[in-house]
Amino acid sequence: MKNRDIAEILSSLADILEITDQDPFRVNAYRKIARIVDDLPTDVADLVASGEITEIPGIGKGTAEKIAEYLSTGKIAAYEEAKKTIPAGLSELLSIPGLGPKTIGLVWRQLGVKSLAGLKRALRGRKILDLPGIGPKKVENIEAGVRAYESRSGRLTLGAVLPTAQEVVRALREIPGVEQADLAGSVRRWRETIGDIDVLAASGKPAAVIRAFTKLPLAEEVLAAGTTKASVRVAGALQIDLRVVKPAEYGAALMYFTGSKDYNIRLRGLAQDKGLKLNEYGLFSGTKVVASRTEKAVHAKLGLPLVPPELREDRGEVEAALAGSLPELVELSQVRGDLHVHSNWSDGGSTIPEVARAAKARGYAYVAITDHTKSLGIAHGLSIERILKQIEEIASLNRRLKGITVLSGTEVDILSDGRVDFPDEVLERLDIVIASVHSGFQQPRDRITGRIVSAIENPHVDVIGHPTGRLIGTRPEYDVDIERVMDAAARTGTALEVNCYHERLDLNDMNCRRAVDLGIPLALGTDSHHVDQLWMMELGVATARRGWVRAGSVLNTLPKGALLKRLGRLHRANPSS
DNA sequence: GCCGTTTTCGGCCCGACTGTTTTCAGTCG
């Protein structure tokens, strides 16, 4: 699938056109198409072959031809030509905060800056001060931008910052004069990674709120503080931006600061069509406010139901909302159990009774213990003898437990030849079998895809664990042909996991959407190695919601009996609970 | 580059902030 490659080329093309001062709307058109192609749940080659590609809003004849050209020749002539017009190291400079295309074009043409190293030399040499429109303050800003760019460690996973973000909102709501406070930005949309945390508050006394906010104990450093907004640094490197608005403007402001940018653009377009204007202060007819206090009211005046923040990415949700066909998304409260938890029998830190207690406290009806198997020696994977013993202990524990059932499961290794690590007679005795790849990540596409398809076709395998193997920001997915995996899963009825662990979220949102379209069942599991990690179910539910998943597609929204029946193992259901 | 019953040409989201300005350009979200 070439979607990602094509998206990167179109995005680079946009960078080049921007630096060479071409029509900004053309630049935006390419950026938008790059995003659309990257988000596509299907192989762009199929859409080109069928001619459906130009039916996607935003993609016209011109770009469709370029994509077709890439698919047949491996190159796009327009891009190859454009690349010759600027030095290769220039596009990188667009990532420096405070430095934009105009200034980059200026230092390149006037000073011969061709790269980050060249920019730093120009800053040191102070030649840059001779350029029109550049003064000492601007030089200072660019220097600070370069430092920030060089020191930043990339985006953090949502799961790594969410607890802090939620604590900040709680603290904010305690401040006198704060009427409402919520997370906004990419955290509220539950994007898998975030750059900083945006928080919004409503108050009639913004200055006092800002003062109190900057004095919160968790604020380690105050980066900026004005009358309506402030930025502080917490927990090391994490930046929190607070904005305070009037209560009457809260809904419009929350929409504005939640984004995404593309969603906001779409809604402003809808407003324009109605002769209205939408900004962060409200929806206006001339100077008269039409709606502003709540998100629901602003959406309603635009002819839309309230669109859940997880969907606000301009991936078709606006059209669906207008047509009244938004999906009813799965909710955390509908999840009746966690299907992927490790205990101290393998590499987990909690005992099985501790897991059961914590799962019950979360309101679950069941929880599956799915420890590793013997070939994963590093994780103390279970031998056949030990898994049989564990099955017995869990049965005994279930006889004592009230209000929760522990399911006997396994996360069985998919071996390098596609067989799994336990024989059928062992797998048959388990309530749930997850099969996962934990080795041979470097295998070529055919081989690793074939392994996973073999596991899918194994009648004892219920779920494929973390199907792409990626670790966000650490390890790319293995070279798996996810289309083939999904075709096999759809054919056999095998579930694919939405691994909820914050560094995995695998399947990701767009793959969830593809799976749902194909009718593939999904299994939510946290992959917890300690009871402190069970909360990450929230992250998986959010990922599923971002993938337009309804409760009906999620196995663990089923009651225990229906789940076990679905897994084909009703006869092994524990009769005592 | 994309798009369209006000349009096949002429638009394309909106405002704040900053720094350089003397009326505005660049950047950001």
Side-chain angles (χ1 to χ4, degrees), chain A residues 10-11 13-14 16-19 21-37 53-67 76 78-79 82 93-107 128-142 144-145 148 184-189 194-200 224 226-231 239 241-243 245 249 252-284 302 312 314 318:
Chain A
L10 294 177
S11 177
L13 181 55
I16 295 169
L17 297 178
E18 191 171 33
I19 292 170
D21 205 17
Q22 316 259 334
D23 178 10
F25 294 104
R26 215 176 131 210
V27 172
N28 276 342
Y30 278 126
R31 289 247 160 85
K32 185 176 175 189
I33 296 169
R35 188 181 59 78
I36 291 171
V37 171
I53 182 91
T54 52
E55 285 170 26
I56 299 172
I59 303 184
K61 191 157 158 277
T63 313
E65 281 169 4
K66 289 185 176 66
I67 294 172
I76 295 176
Y79 174 60
L93 303 184
L94 283 171
S95 301
I96 295 170
L99 189 63
K102 302 288 186 203
T103 313
I104 292 170
L106 188 68
V107 297
I128 196 167
L129 278 168
D130 300 336
L131 298 178
I134 305 240
K137 277 281 173 60
K138 202 151 209 168
V139 170
E140 233 174 80
N141 276 348
I142 298 171
S186 51
V187 176
R188 183 160 180 253
R189 299 200 315 279
I194 62 118
D196 56 22
I197 296 176
D198 294 305
V199 190
L200 184 69
T227 52
T228 63
K229 60 186 212 176
S231 296
Q239 182 174 328
D241 296 330
L242 168 69
R243 304 173 194 251
V245 301
E249 298 163 346
L254 189 55
M255 282 171 64
Y256 176 78
F257 291 118
T258 297
S260 65
K261 185 181 158 100
D262 294 303
Y263 181 77
N264 287 347
I265 289 172
R266 287 300 309 276
L267 261 52
R268 283 174 176 155
L270 288 185
Q272 270 192 334
D273 293 346
K274 294 179 185 297
L276 305 173
K277 187 179 73 171
L278 177 63
N279 60 29
E280 58 262 57
Y281 302 110
L283 182 63
F284 296 87
L302 291 171
R312 299 182 194 172
D314 191 21
V318 176

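Worth saying up front: this structure is predicted, and the values here are computed from it rather than measured. These numbers come from the heavy atoms of this one structure, side chains and all, not from hydrogens, waters or symmetry mates. Chain A is the first sequence line, chain B the second, and so forth, proteins listed ahead of strands; every chain is numbered from 1.
Considering only heavy atoms from C-beta on, A/R243 stays 4.5 Å or farther from A/Y256 through its side chain. Using a 4.5 Å heavy-atom cutoff, the side chains of A/I134 and A/L106 are in contact.
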Could you go through nucleotides 4-9 of chain B and list every protein N or O atom that sits under 3.5 Å from one of its N or O atoms, giving the distance for each pair?
none

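Here the CD1 atom belonging to A/I197 is positioned 12.0 Å from the OG atom belonging to A/S231, to the nearest 0.5 angstrom. Rounded to the nearest 0.5 Å, atoms CG (A/L267) and CG (A/L276) are 11.5 Å apart. Between A/T54 atom OG1 and A/E65 atom CD the span is 10.0 Å, to the nearest 0.5 Å. Put simply, CD1 on A/I16 and OG on A/S11 are 10.0 Å apart, with the number rounded to the nearest 0.5 Å. Here the straight-line distance linking atom CD1 of A/I265 with atom OG of A/S260 works out to 8.0 Å at 0.5 Å rounding.
Across the protein-nucleic acid pair, A/K137 atom NZ and B/dT20 atom C1' stand 11 Å apart, rounded to whole Å. Between A/N28 atom CG and B/dG10 atom P there is a gap of 21 Å when expressed in whole angstrom units. Per the geometry, CG belonging to A/D241 stands 14 Å off C1' belonging to B/dA16, to the nearest Å. As a whole-Å value, the separation of A/L278 CG from B/dC13 P is 13 Å. One interatomic measurement links the two molecules: CG of A/L13 to P of B/dG1, which rounds to 9 Å at whole-angstrom precision. The interatomic distance linking A/E249 (CD) with B/dA16 (C1') rounds to 14 Å, in whole Å. We find that CZ of A/F25 is positioned 12 Å from C1' of B/dG1, with the value rounded to whole Å. One atom, CZ of A/R266, and another, C1' of B/dC14, lie 17 Å apart when rounded to the nearest Å.
Distances shown here put a side-chain N or O of A/Q272 below 4.0 Å from the OP1 or OP2 atom of B/dC14.
Glycosidic conformation of B/dT7 is syn; the angle stays within 90° of 0.
A/K277 comes within 4.0 angstrom of the backbone, heavy atoms only, and of no base. If you check every strand for non-hydrogen atoms under 4.0 Å, A/N264 touches nothing.
One N or O on the side chain of A/T258 and one on the backbone of A/L254 form a donor-acceptor pair closer than 3.5 Å.
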Readout for nucleotides 21-29 of chain B: B = base within 4.0 Å of protein heavy atom, S = sugar-phosphate only, - = neither; 5' to 3' it is -----SSSB
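Taking atom C1' in both B/dT18 and B/dT23, one finds a spacing of 15 Å when rounded to whole Å. The separation of B/dC2 from B/dT6, taken at their P atoms, amounts to 24 Å, rounded to a whole angstrom. Comparing the P positions of B/dC17 and B/dC13 gives a spacing of 22 Å, expressed to the nearest Å. Taking atom C1' on both B/dA16 and B/dT5, the two are 37 Å apart, rounded to the nearest angstrom. Taking atom P in both B/dT20 and B/dC28, the straight-line distance is 16 Å, to the nearest Å.
Of the candidates B/dC2, B/dC14, B/dC13, B/dC13 carries the atom nearest the A/I265 side chain, counting heavy atoms from C-beta on.
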#### Entry: side-chain contact (heavy atoms from CB on, under 4.5 Å) between A/L99 and A/V107, worked out
CA-CA 11 Å; A/L99 189 63; A/V107 297; 6.0 Å; no
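The pair A/E18-A/R31 meets the salt-bridge criterion, since a charged nitrogen lies less than 4.0 angstrom from a carboxylate oxygen.
In this structure, A/D23 and A/V139 both approach DNA chain B, and ranking their closest nucleotides by distance from the 5' end singles out A/D23.
Under the Watson-Crick or G-U wobble criterion, with both distances below 3.5 Å, B/dT8 is left unpaired in every strand shown.
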